[in-house]
Amino acid sequence: MTNSTGTTKGTVHSALVIGGGVAGPVTAMALQQAGIEATVFEAYDRPADGIGGGMGLAPNGFQAFDAIGVGDAIRAVSTEMNGIVLRSWNGKKLAEFGTLPGIDPTRFVIRAELFRTLREAAAKRELTTVYGRRIVDASEDADGVTAHFEDGSTATADVLIGADGLRSTVRRLIDPAASAPRFAGTAGFGAMVTDAGVAPTDGMMHMAFGKRCFFAWQVLADGRGFWFVNLPVPQPLTSSEQRERGGAYWLEHLTEVCEGDVTPAGRMLAATDPTTMLFAGSTESLPRSVRWSRGRMVLTGDAAHAPSSSSGQGASLAAESSVELARCLRDLPLPQALARYEELRRPRVERIVKETARTNARKAAGPVGRVVRDALLPVMFKLAKPEKNAWQFRYPIDFDAPVG
């Protein structure tokens, strides 16, 4: 059989998508667009409303969102970032760079708003998401793969896709010896404030390498603003552990940590309602040795490749991979589809992960490293050619084009 693109039709007609975050619904919508029936299974018993911090969505991510028709809905709940200004703890400007010519701006979005928008888009397409189904095992034969859930229920399809995040259960099922995520040395916090008490930043995101933490902020023309902090911590800190201590505790602690830095941290933290605090947990990334597939099981999104939040590419790369996986499953028999998917995606994501590791080292620098960093960064950015980074932000996807 051939499909509308004239290519040989793949052998996958149904899929189980494990995980209801970003990659899960994007994968399900892309699969549906490819003519493959998909059902999403989420471990938690309700949507992730109000959970998580904010994130950047790079223009390459929007190319993937546009490929499945959800780009405009996400633009409507996100804020344009026209560029970034880097500063040292004493207010000195280290570098400034704007949007590269011919490339759309990065946009900032609250994670819960992104989840909600994707969930609503999937529901409009009558895609099913089943909550309270935590996968614990999987079995497969020549006819399909069966997911076994904690509550004793099962589900069967042609392929099982792990979109279940950094601590993926599906990854462990594919490779029981898989390495654990690597702790990058910081934990993330953030919030939106209705009256920042700070001058508008004209669409620029300001980022300061403080003496004891990394503080970033952007203020809109109407006075609303958002901020986030990367706080060096000695060991991993989960978002649940952050929430247990409460917003009031962390606001007081972050105010103390930011004291002495020439930033608007004090005013913006004071303007923050403790109940609206967003907790992002620790910054972590996956080693490059992760195995992406075995038999009828395959990974996408953070389950396969998780650059830390410093990259600003986590959700965007997840969207890219989810759409490309759907195209491969549409056009190629299963074994070849999974091999081609990895060939298309692994070199790109590993290159971005490598670039991000350098950024994390700068954020967690000690007193001596801070002096060296602040001295070298202005020189580095003067010598750098921004267009060399354009490759990260250009990843056009022609959904209808056949996968060779």
Side-chain angles (χ1 to χ4, degrees), residues 15-29 31 38-55 70 74 77 109-138 146-157 160-174 178 180-181 187-190 236-247 275-284 286 297-304 306 309 314-315 318-319 321-322:
L16 310 176
V17 181
I18 308 300
V22 174
V26 171
T27 301
M29 286 186 279
L31 288 169
T39 302
V40 178
F41 294 88
E42 168 56 45
Y44 294 100
D45 60 3
R46 62 178 65 89
D49 292 340
I51 296 176
M55 68 174 78
V70 297
I74 297 172
V77 298
V109 66
I110 297 298
R111 184 180 294 269
E113 281 293 290
L114 177 61
F115 287 171
R116 179 186 61 78
T117 302
L118 291 174
R119 184 174 69 248
E120 290 177 354
K124 286 180 180 178
R125 301 175 192 205
E126 299 184 346
L127 284 162
T128 299
T129 298
V130 183
Y131 292 96
R133 295 288 181 88
R134 185 178 298 275
I135 190 171
V136 293
D137 202 359
T146 299
H148 301 264
F149 299 103
E150 192 174 55
D151 64 0
S153 62
T154 63
T156 302
L160 187 152
I161 300 171
D164 49 342
L166 192 65
R167 302 190 178 281
S168 169
T169 297
V170 179
R171 188 194 312 123
R172 293 200 303 271
L173 296 177
I174 289 173
F189 305 81
L237 185 67
T238 68
S239 58
S240 296
E241 291 170 333
Q242 290 173 313
R243 282 193 295 274
E244 284 175 7
R245 294 195 177 186
T275 64
T276 66
M277 281 276 288
L278 301 169
F279 303 115
S282 297
T283 50
E284 296 176 300
L286 284 177
M297 295 187 289
V298 61
L299 303 175
T300 189
D302 283 357
S309 57
S321 290
S322 299

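The analysis underlying the following values was restricted to heavy atoms, covering all of them including side chains, and did not include hydrogens, waters or symmetry mates. One is the number of the first residue; the rest follow in order along the sequence. Nothing here was measured: the structure is a model prediction, and the numbers come from that model.
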Would you mind writing out the side-chain donor-acceptor pairs for residues 15-23 within the sub-3.5 Å range, not counting sequence neighbours?
none

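One N or O on the side chain of Gln242 and one on the backbone of Gly188 form a donor-acceptor pair closer than 3.5 Å. In this structure a side-chain-to-backbone donor-acceptor pair under 3.5 Å is missing from Ser168 to Asp164.
Inter-residue side-chain proximity for Arg125 and Val70 is flagged as met; some heavy-atom pair is nearer than 4.5 Å. A heavy-atom distance below 4.5 Å is found between the side chains of Val170 and Leu299.
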Full working for salt bridge (Lys or Arg N to Asp or Glu O under 4.0 Å) between Glu120 and Lys124 = CA-CA 6 Å; Glu120 290 177 354; Lys124 286 180 180 178; 5.8 Å; no
Kindly indicate, with the supporting measurements, whether the criterion side-chain contact (heavy atoms from CB on, under 4.5 Å) is fulfilled by Leu173 and Leu160.
-> CA-CA 11 Å; Leu173 296 177; Leu160 187 152; 5.9 Å; no
Begin from the C-alpha positions of Thr39 and Arg133 and carry the test side-chain contact (heavy atoms from CB on, under 4.5 Å) through to its verdict.
-> CA-CA 12 Å; Thr39 302; Arg133 295 288 181 88; over 6 Å; no
Would Thr169 and Val136 count as a side-chain contact (heavy atoms from CB on, under 4.5 Å) if you check the C-alpha gap in whole Å, the side-chain angles of each, and the deciding distance to 0.1 Å?
-> CA-CA 7 Å; Thr169 297; Val136 293; 6.0 Å; no
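Legend: residues meeting side-chain contact (heavy atoms from CB on, under 4.5 Å) with Arg245, ordered by chain and number and at least two apart, are Tyr249, Trp250. Residues forming a salt bridge (Lys or Arg N to Asp or Glu O under 4.0 Å) with Asp45 (at least two apart in sequence, or on another chain): none.
One finds the CG atom of Leu127 at 14.0 Å from the CZ atom of Arg119 (value rounded to the nearest 0.5 Å). To the nearest 0.5 angstrom, Ser282 atom OG is 10.0 Å from Leu166 atom CG. Once rounded to the nearest 0.5 Å, the distance linking CG of Leu278 with CZ of Phe189 reads 11.5 Å. Atom CD of Glu113 sits about 11.5 Å away from atom CE of Met55, to the nearest 0.5 Å.
Closest heavy-atom contact between Val40 and Gly24: CG2-O, 4.1 Å. Across Ala318 and Thr300, no two heavy atoms sit closer than the pair O-OG1, 4.2 Å. Taking every heavy atom of both residues into account, Gly247 and Met277 meet most closely at CA-CG, 3.9 Å.
Note that Arg134 lies outside the cation-pi zone of Phe41, set by a 6.0 Å cut-off to the ring centre and a 45° limit from the axis.
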